[in-house]
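Chain identifiers are assigned alphabetically (A, B, ...) following the order of the sequence lines, protein sequences preceding nucleic acid strands; residue numbering begins at 1 within each chain.
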Protein chains: 2
Amino acid sequence: MDVSLQQLRGFAAVAEEQHFGRAAQRLNMTQPPLTRQIQALERSLGVSLFDRTGRGVRLTAAGGVFLEHAHRVLALLEVAPEATRRAAEGQTGTLRLAFTAIGAYAVLADFLAMVNRRIPAVSVELTELVSPDQYEALANLEIDLGMVRPPIPDGFESLLVHTEDLVLAVPADHKLATGDAPVTLADVTDEYIGYSPEGSRYLHDICAAMIGMNRYAVSQLASQVPTMLALVRAGLGCALIPRSIMAMGVEGVRYRELDAADAHSVTLHACWSPDSPNPALQRLAESLRQQPQLEE
Amino acid sequence: MDVSLQQLRGFAAVAEEQHFGRAAQRLNMTQPPLTRQIQALERSLGVSLFDRTGRGVRLTAAGGVFLEHAHRVLALLEVAPEATRRAAEGQTGTLRLAFTAIGAYAVLADFLAMVNRRIPAVSVELTELVSPDQYEALANLEIDLGMVRPPIPDGFESLLVHTEDLVLAVPADHKLATGDAPVTLADVTDEYIGYSPEGSRYLHDICAAMIGMNRYAVSQLASQVPTMLALVRAGLGCALIPRSIMAMGVEGVRYRELDAADAHSVTLHACWSPDSPNPALQRLAESLRQQPQLEE
DNA sequence: TCGATCGATACCGAGGGCGCATGGACGTCT
DNA sequence: AGACGTCCATGCGCCCTCGGTATCGATCGA
C-alpha cells in the first residue's frame with residue numbers, strides 16, 4: 001500500500017500537537033480514524049514514527065526525518081494550484097521566441113527588454129530559424145512568437161518591429177572598398193551574391209527588384225546573412241545587406257551606402273498566431289494591441 | 001475540494017502519454033474514472049490543463065507548469081519512505097554530542113573522525129557542557145552522547161576515550177617558570193588554583209588527593225580549564241592541568257612536568273544512555289561494543 | 001457519407017474511511 | 001493505595017467515494 005496525502009496531513013498534525021486528540025480536532029475529525037491513519041502509515045513505511053508514552057506521543061528520530069519530507073510535500077502542494085493559475089492567466093510561464101540571424105543583430109535585445117517590461121515573470125526560450133521555418137513552427141504551435149520578414153501569411157497577427165535600409169557589402173580588395181560617398185547599383189560591375197528564394201523570399205524579391213532579375217543571383221545563393229558575408233569576404237561578389245548587420249564587424253568586408261535613388265528599406269515583424277493556446281502570448285498580444293509602440 | 005495524489009499520478013500519466021486510454025492502461029485502470037479524475041482536478045484548480053483535440057490531448061501552458069509541480073511532489077514522495085527507513089536504522093540522522101572544553105583540546109577531532117568512520121552519513125551537532133550538565137542532558141534526552149570525566153553514574157554505558165597525566169601550569173614570572181627537569185608538588189610554595197567541586201568534581205577530587213586538602217583550593221576555584229589558565233596567567237597561583245591543554249599555547253603561562261612520584265593520570269569517557277531512542281546512537285553503540293578500539 | 005477512434009457520461013457495485021462506543025494502560029489526586 | 005481521569009487502541013455499522021461496464025457524442029479520415 002502507498003502513502004496517502006491524508007496520512008501526511010494527519011502525521012504532520014500529530015507531530016506538531018504531540019497529541020492524537022488535539023490533532024484530530026484540528027483536522028475536524030475524531031481521534032480513532034486518525035490513530036488508524038498513523039498506524040497504516042507506520043505499517044507501510046515499516047518504521048515506528050512515534051513513541052507512545054503514557055502522556056501524549058513524541059516523534060522518533062525517523063519520524064523527524066519523515067516530518068521534513070511531509071512538510072516539503074505539503075508546502076509544494078500548497079503553492080502548486082496558485083502557480084498554475086498564474087500560468088493560466090499568462091502572468092508566468094514560458095514564451096518560445098524564434099528569430100532570424102538578422103533579427104538577432106537588429107533588435108533582439110530591445111525586443112526582449114520590451115517583452116520583459118510587458119510580461120515580467122515570463123521566461124523566454126530562444127530559437128534561431130529562417131522565416132519560412134518560423135511560419136511552419138508557428139502553425140505547429142512549436143513556437144509562440146517569431147521575428148520574421150514579410151509577407152505575413154493569412155491567419156497571423158503581426159507588429160512592425162524594425163525598419164532599416166540595405167547597404168552594399170564588398171570584399172576588402174574590391175574596387176569599391178574605399179571611399180565614403182554613396183554608390184549606385186550600377187557601379188557594381190562584377191557579380192552579386194543573392195538570397196535564396198526559398199529561405200529568404202522577402203530579401204530575395206526585394207533585391208531582385210532592385211538589381212533587376214537579369215543581373216541577380218548569378219554567382220551564389222545563400223539564405224543566412226552570415227553565410228553571405230563569408231562569401232563576400234571570399235571575394236565571390238557583392239551583396240545587399242540590412243544595415244544592422246554592419247555591427248557584426250566581419251573582417252575583410254567593407255560597407256558602402258547606397259545612393260538615395262537605389263536605397264530600399266526592409267522591415268522586420270513580430271508575428272504570432274491569434275489563437276495560440278499560450279496564455280503568456282495572449283497577454284503579450286493584448287498588451288501590444290493596446291500599446292503598439294515598442295518603446296514606452 | 002483538494003487535490004489528491006491519485007489525481008496527480010493520473011495527470012502525470014495523461015500528460016506523458018498525451019492519451020487518456022494509454023494512460024489508463026499504464027495505471028492499471030479503465031479510461032472513464034481517469035477522465036473523471038482529470039475533470040475533478042481541473043475543476044478544483046479552476047484551470048484547463050489539457051486541450052482536447054479530436055485526436056488525443058495536449059498540455060496547455062498552465063498544464064506544463066502544474067506538471068513540474070506534480071513531478072516534484074511525486075519524486076519527493078518516492079524518496080521519503082527510503083530516507084525514513086535509513087534514519088530508523090541509524091544510517092542517517094543527527095547525533096547530538098556534548099563535550100567539555102578540555103575534551104575539545106584532547107580528543108574531539110579524533111573522536112569525530114571515529115564517529116564519521118562508523119556511521120558515515122550521520123551529521124553531528126556539537127554542544128559544550130560541563131560534565132554534570134552532560135549527565136542531566138543525557139537523562140533528559142537532550143543530547144545523545146557526552147564526553148565526560150568519571151565517575152559515570154549508574155544506568156549509562158561508557159567507553160574510555162583518552163588517558164593523559166597532569167602537568168603544572170605556572171605564571172611566566174614564577175620561580176618555577178624556567179627549567180626542564182620535573183618538579184614535585186612540594187616545590188610549589190605559593191597558592192594553587194583549584195577546580196570547583198560542583199563543576200569539575202573529578203578533577204577537584206584528584207587534585208585534592210594529590211596536593212592534600214589542607215593546601216588545596218585556597219586561592220581561587222574554577223570549573224573550566226581556560227578560566228584557570230587565565231588565573232594562572234594573572235599570577236594568582238599555579239594549577240594542575242591535563243597535558244593536552246598545553247596545545248592551547250596560552251601566552252604568559254609555562255608548563256612543568258611532574259616528578260613520577262607525584263604524577264597522576266586523568267581519563268575522559270564517551271558516555272551514553274543504553275535506551276536512547278536515537279537509532280544513530282544505537283548503531284554507534286553497537287559498533288563500539290564490538291570494536292572498542294578508537295583507532296582502526 | 002460512413003466507420004473508426006477517443007474522450008465524456010450514466011449507472012451500478014464494492015471497498016475504504018469515518019463516527020460511535022468501548023477497551024486498556026498509565027499517571028494523578030485524595 | 002485505590003479510584004478517577006486521560007489518552008491511545010479496537011470493534012462495529014454506515015455512507016460515500018471510486019472503479020468498472022455499457023453507451024453516447026464528436027471529430028477525423030477514407
In this structure, how many angstroms lie between the C1' atom of C:dC26 and the CG atom of A:D51, rounded? 15 Å

Phosphate-side-chain proximity, A:T35 and D:dC8, N/O vs OP1/OP2 below 4.0 Å: no

Side chains of B:E16 and B:H71, donor plus acceptor under 3.5 Å: yes

For the pair A:E82 and A:R85, evaluate salt bridge (charged side-chain N to carboxylate O under 4.0 Å, His left out) and give the outcome as yes or no after the intermediate values. CA-CA 5 Å; A:E82 187 53 33; A:R85 278 184 216 107; 3.2 Å; yes

Determine whether the side chains of A:T92 and A:R86 contain a donor N or O and an acceptor N or O closer than 3.5 Å. no

For nucleotides 18-25 of chain C, give me every protein contact, N/O to N/O, under 3.5 Å, one pair per line with atom names.
from	atom 1	to	atom 2	distance (Å)
C:dC18	OP1	A:Q6	OE1	2.9
C:dC18	OP1	A:Q37	NE2	3.2
C:dG19	OP2	A:T30	N	2.9
C:dG19	OP2	A:T30	OG1	2.8
C:dG19	O6	A:R36	NH2	2.9

Indicate yes or no: does B:R52 engage B:E42 in a salt bridge with an N to O separation below 4.0 Å. yes

Stems where DNA chain C pairs, listed by first number, each of three or more Watson-Crick or G-U pairs under 3.5 Å: C:1-30 with D:1-30

Could you tell me how far apart A:L27 (CG) and C:dG17 (C1') are, to the nearest whole angstrom? 14 Å

Spacing between A:R9 atom CZ and C:dG17 atom C1', to the nearest angstrom: 16 Å

Tell me whether the side-chain N/O atoms of B:R52 come closer than 4.0 Å to OP1 or OP2 in C:dA8. yes

Whole-Å distance separating the CZ atom of B:F20 from the C1' atom of D:dA26: 15 Å

Derivation and outcome, side chain to side chain donor-acceptor pair (under 3.5 Å), residues A:Q282 and A:E286: CA-CA 6 Å; A:Q282 293 298 347; A:E286 186 57 33; over 6 Å; no

Which whole-number value in Å describes the distance from A:Q39 CD to C:dG16 P? 16 Å

Separation of D:dT27 atom C1' from B:H19 atom NE2, nearest Å, is 14 Å

Any donor-acceptor pair under 3.5 Å from B:D144 side chain to B:R96 backbone: yes

Between the side chains of A:R26 and A:E17, is the shortest nitrogen-to-carboxylate-oxygen separation below 4.0 Å, so that they form an ion pair? yes

Value in whole Å for how far the C1' atom of D:dC7 lies from CD of A:Q18: 14 Å

Does the side chain of B:R118 come under 3.5 Å of the side chain of B:S287 through a donor N or O and an acceptor N or O? yes

Going through the distances and angles, do A:Q31 and A:T35 end up as a side chain to side chain donor-acceptor pair (under 3.5 Å)? CA-CA 6 Å; A:Q31 167 262 323; A:T35 289; 2.9 Å; yes

Taking atom C1' of D:dG19 as reference, at what distance in whole Å does atom CD1 of B:I38 sit? 15 Å

